[in-house]
Number of protein chains: 2
Amino acid sequence: MCPSIEETPTNGAANGHTNGKADEFTPIEARPNPVPHHKSSPYQPVGDFLSNISRFKIIESTLREGEQFANAYFDLEAKIKIAKALDEFGVDYIELTSPAASEQSRLDCEAICKLGLKAKILTHVRCNMEDAKIAVQTGVDGLDVVIGTSSFLREHSHGKDMTYIKNAALEVIQYVKSQGKEIRFSSEDSFRSDLVDLLSLYSAVDKVGVNRVGIADTVGCASPRQVYDLVRTLRGVVSCDIETHFHNDSGCAIANAYCALEAGATHIDTSVLGIGERNGITPLGGLMARMIVADRDYVMGKYNIKKLKEVEELVAEMVEVNIPFNNYITGFCAFTHKAGIHAKAILNNPSTYEIISPADFGMSRYVHFASRLTGWNAIKSRADQLGYNMTDAQYKEVTAQIKLMADVKKITLDDTDAIISAYHHNIVNGEKKPLLEGLSAEDQAKIDAAEQKLGTVKEKRQLDAEAAADAPPAKKR
Amino acid sequence: MCPSIEETPTNGAANGHTNGKADEFTPIEARPNPVPHHKSSPYQPVGDFLSNISRFKIIESTLREGEQFANAYFDLEAKIKIAKALDEFGVDYIELTSPAASEQSRLDCEAICKLGLKAKILTHVRCNMEDAKIAVQTGVDGLDVVIGTSSFLREHSHGKDMTYIKNAALEVIQYVKSQGKEIRFSSEDSFRSDLVDLLSLYSAVDKVGVNRVGIADTVGCASPRQVYDLVRTLRGVVSCDIETHFHNDSGCAIANAYCALEAGATHIDTSVLGIGERNGITPLGGLMARMIVADRDYVMGKYNIKKLKEVEELVAEMVEVNIPFNNYITGFCAFTHKAGIHAKAILNNPSTYEIISPADFGMSRYVHFASRLTGWNAIKSRADQLGYNMTDAQYKEVTAQIKLMADVKKITLDDTDAIISAYHHNIVNGEKKPLLEGLSAEDQAKIDAAEQKLGTVKEKRQLDAEAAADAPPAKKR
């Protein structure tokens with residue numbers, strides 16, 4: 001066992017996310033990137049006066065949308081823990097379940113308002129005076145009011161027409177403002193609502209001084225260019241801020257948030273791990289992954305992103321889910337490199353195959369050596385770590401041996417290290433010690449056969465290739 | 001326990017993805033959607049001659065990109081199982097690891113070519129004659145050749161200049177075509193390559209008759225509008241097909257694939273669950289979720305999407321990962337609805353809060369009743385299922401009782417059913433039986449306190465509201 005593995009903080013491996021594969025990974029020490037990640041693309045979009053990529057705000061809705069996740073049950077103690085963790089992370093707003101949902105929801109709302117957090121506290125209520133009055137009395141900084149405007153929701157949910165909706169909105173907005181609170185008015189299912197209806201409504205609420213209007217892809221149907229078009233159109237109609245809320249049913253929640261910001265949206269709704277109705281919304285961690293690529297300085301300067309893993313682990317434990325193996329940034333494989341061609345370049349310069357620097361999030365990078373896809377540069381680096389010094393030809397030969405064994409059986413990092421060590425021993429001492437001890441007779445036979453075959457095959461392939469070079473061309477496209 | 005739960009196929013609950021929460025969900029029978037899902041949005045993009053949304057092809061790379069996933073070790077038997085499952089699903093191409101990677105990789109490639117699958121078999125090789133010759137001899141239908149073109153990769157990986165790359169590409173393409181095989185030429189890290197270099201290279205390979213050129217976001221940095229712009233520009237330069245490959249480091253792999261198709265790309269690379277280097281690429285299931293929203297007829301007509309869950313479970317088991325809780329379509333909560341306002345509308349018409357019909361994928365929908373966020377419509381529907389018939393006022397009252405208990409403790413579906421049953425019993429028999437048996441003295445005390453407080457609070461809130469209505473307005477925005 002390589003001692004450096006135990007000394008170095010691991011990327012999820014120690015936290016049960018790797019299914020016992022920790023021994024096959026090894027961290028490569030963080031190296032300074034000669035080119036900052038965020039300046040690495042010649043195709044950064046041309047500066048655009050509409051874009052809020054470099055000045056967005058987060059409305060964190062784990063305690064509202066997240067409470068609608070199938071597994072979520074947050075008692076007050078849990079809510080306070082989450083609210084404090086989000087506040088330390090640095091989110092701009094924390095959105096809470098409507099105090100009209102239940103008496104305990106109301107009490108929780110009051111209690112969180114009294115914590116004295118830096119983040120502003122919002123609650124999310126239906127667009128009616130009764131809910132608005134209950135909300136105002138909890139001590140929140142603002143109200144996010146919502147009403148369904150699509151024909152689907154007008155017909156099958158609340159059954160109200162657009163005139164009713166507009167009048168209800170104006171009454172609620174004027175009341176909330178009169179109470180000195182911030183107010184957002186949002187449609188639900190905005191991408192299946194009539195555009196003229198939407199714009200009329202938003203224009204009307206903008207005129208009475210709403211702080212934000214909201215666009216919500218409630219069913220997760222919107223695509224990035226649709227989002228860009230709708231937000232950009234809306235940006236020309238209202239002067240207030242624009243908040244956006246994207247469900248992830250069709251896999252575009254992060255991309256849609258990004259395109260919304262490009263089109264002039266100002267606020268993005270997130271939840272930790274994306275938890276919410278169905279498969280959820282834009283995840284906080286995923287948004288950070290997207291935005292740090294776009295503007296690292298803004299993200300690093302504003303959010304305490306080293307806290308991300310802790311916040312995710314807190315919420316994952318409370319809602320009894322595993323952090324997905326492929327989670328953004330904190331998933332166990334997010335910074336693991338395997339193919340030989342990747343490993344070589346990563347060793348030369350991490351920016352070659354990494355757009356996000358793991359160190360920014362307090363994470364480490366791994367290069368996976370023990371596989372048939374490994375390359376001799378990766379093995380050379382590993383040998384260096386182990387203190388062996390050989391020629392390039394020798395590194396190439398031991399790599400070929402490792403690949404051959406990885407073809408026959410699944411090998412671990414320990415196996416790789418043992419092979420390198422035995423190979424080095426044989427060179428120094430002129431011996432022919434077996435490269436891997438304790439192989440079963442069956443595996444050894446397979447390896448011998450593979451070695452012999454490889455020799456024969458290489459010869460045959462060379463002959464075939466020479467023959468093919470003389471052959472007439474086959475059919476053309 | 002409601003017997004219908006056991007009789008109905010469950011959405012992951014029976015497969016260990018729900019962390020033992022199966023008893024809190026209940027399936028709602030599939031209802032015909034009055035409006036087909038794919039025609040439900042008034043904002044479908046206007047028909048666009050560039051777009052290939054309705055004629056895309058899938059290059060499934062679980063056996064190439066997926067083999068680069070940290071946990072993947074596929075022996076031949078595993079590869080054959082995966083290839084057959086993908087073929088039954090109906091993918092257009094199956095891409096395999098380079099036969100130059102190792103001798104076993106070469107043998108596996110030959111064996112899969114001999115299976116006689118409907119899908120075309122490709123292998124993915126470096127852009128050099130040696131690899132191309134080995135690949136051609138395996139019996140594959142085509143070669144996907146790749147070379148890094150970004151300054152990062154030119155400097156830190158292979159060290160070649162653009163002239164060398166172009167000459168190597170032309171030689172390999174002409175050789176592969178002469179052997180009667182399909183050929184794709186792709187850059188690596190296309191979004192950090194120089195645009196003029198890229199277009200010159202692609203124009204040159206197009207002229208010698210390459211079948212496809214490939215755009216690859218190797219590091220996962222590209223955003224949807226960048227993808228649209230680059231693919232659309234390329235579409236004007238080459239006449240061959242355009243394949244695209246998107247990593248998911250910054251959460252845009254599905255969205256980028258969609259925008260690429262909108263801009264005229266023809267082929268999308270996927271892997272099952274997105275497995276690949278780091279956190280992977282566009283997932284097959286996620287792409288299906290996106291595309292069925294865009295063109296249900298095409299997806300349903302071409303792919304055997306009811307096989308999705310089976311294919312995902314096969315691969316997840318082989319690479320020893322759990323299917324993420326929030327996985328597209330097959331995650332345990334993908335079709336679970338919780339908030340009262342959602343549940344009501346879903347019961348009226350599933351299209352209100354569902355853009356994808358679970359039945360298309362052989363899945364079921366769940367409405368979550370046992371929570372403080374429940375609504376009386378959901379409880380009424382549940383009572384109907386249980387065979388109880390009450391007045392709306394009675395449903396509202398029992399719902400209030402359920403919400404009150406859910407405020408005090410986490411309740412299960414069994415608890416909800418017991419409360420409805422006891423409430424109905426009390427009405428019919430004029431009794432005052434406790435609504436939930438077996439409560440601890442502590443919980444009962446909390447419920448009594450909550451009930452009393454609720455009465456008092458309602459009174460006080462009414463008084464406050466009356467007082468507030470008479471008060472002068474607070475500060476304005």
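Order of the sequence lines fixes the chain letters, A, B, ..., with proteins taken first and strands second; residue numbering starts at 1 for each chain.
- Comparing Ala72(A), Gly276(A), Gly286(A) by heavy-atom pairs within less than 4.5 Å of chain B, the highest count is held by Ala72(A).
- Per-residue counts of heavy-atom pairs under 4.5 Å with chain B were compared for Lys403(A), Met291(A), Glu67(A); the largest is that of Glu67(A).
- Heavy atoms of Asp108(A) lying under 4.5 Å from chain B belong exclusively to its side chain.
- Contact of Glu182(A) with chain B is not made at all, since no heavy-atom distance falls under 4.5 Å.
- Proximity to chain A is absent for every atom of Ile183(B), based on heavy atoms less than 4.5 angstrom apart.
- In this structure a side-chain-to-backbone donor-acceptor pair under 3.5 Å is present from Arg290(B) to Cys221(A).
- Smallest separation of non-hydrogen atoms from Ser223(B) and Tyr258(A): CB-CE2, 3.4 Å.
- No part of Val136(A) comes within reach of chain B, as not one of its non-hydrogen atoms sits under 4.5 angstrom from that chain.
- With respect to chain B, the highest number of heavy-atom pairs below 4.5 Å among Ala289(A), Gly251(A), Ser105(A), Ala400(A) belongs to Gly251(A).
- Judged by the 6.0 Å and 45° rule, Arg225(B) forms a cation-pi pair with Tyr228(A).
- Proximity to chain B is limited to the backbone of Ala222(A), based on heavy atoms less than 4.5 angstrom apart.
- Here the two rings, on Phe69(B) and Phe325(A), have centers that are under 6.0 Å apart.
- Closest heavy-atom contact between Ala70(A) and Thr336(B): CB-CG2, 3.7 Å.
- Contact count versus chain B (heavy atoms, under 4.5 Å) is highest, among Asn248(A), Thr97(A), Asp75(A), Asp229(A), for Asn248(A).
- Interface remark: Leu404(A) contributes no atoms to any contact with chain B (heavy atom separation under 4.5 Å).
- Interface summary for chain A: among Gly280(B), Gly274(B), Pro324(B), the most heavy-atom pairs under 4.5 angstrom belong to Pro324(B).
- For the pair Asp407(B) (side chain) and Gln104(A) (backbone), a donor-acceptor distance under 3.5 Å is present.
- Note: Arg278(A) CZ to Asn326(B) CG = 13.0 Å, rounded to the nearest 0.5 Å.
- The two atoms that bring Val219(A) and Ile355(B) nearest to each other are O-CG2, 3.3 Å, heavy atoms only.
- Taking all atoms of both residues into account, the shortest heavy-atom contact from Ser250(B) to Ile254(A) is O-CG2, 3.6 Å.
- Rounding to the nearest 0.5 Å gives a distance of 6.5 Å between OG1 of Thr218(A) and OH of Tyr353(B).
- Summarising the geometry, atom CD belonging to Glu262(A) is positioned 8.0 Å from atom CD belonging to Gln226(B); distances are rounded to the nearest 0.5 Å.
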>> Using side chain to side chain contact (heavy atoms under 4.5 Å, CB included), reason through Tyr328(A) and Asn279(B) one step at a time and then give a plain yes or no.
In response: CA-CA 7 Å; Tyr328(A) 304 106; Asn279(B) 80 338; 3.6 Å; yes

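- By the salt bridge (Lys or Arg N to Asp or Glu O under 4.0 Å) test, Asp217(A) is found to be paired with no residue, residues two or more places apart in sequence or in another chain being considered.
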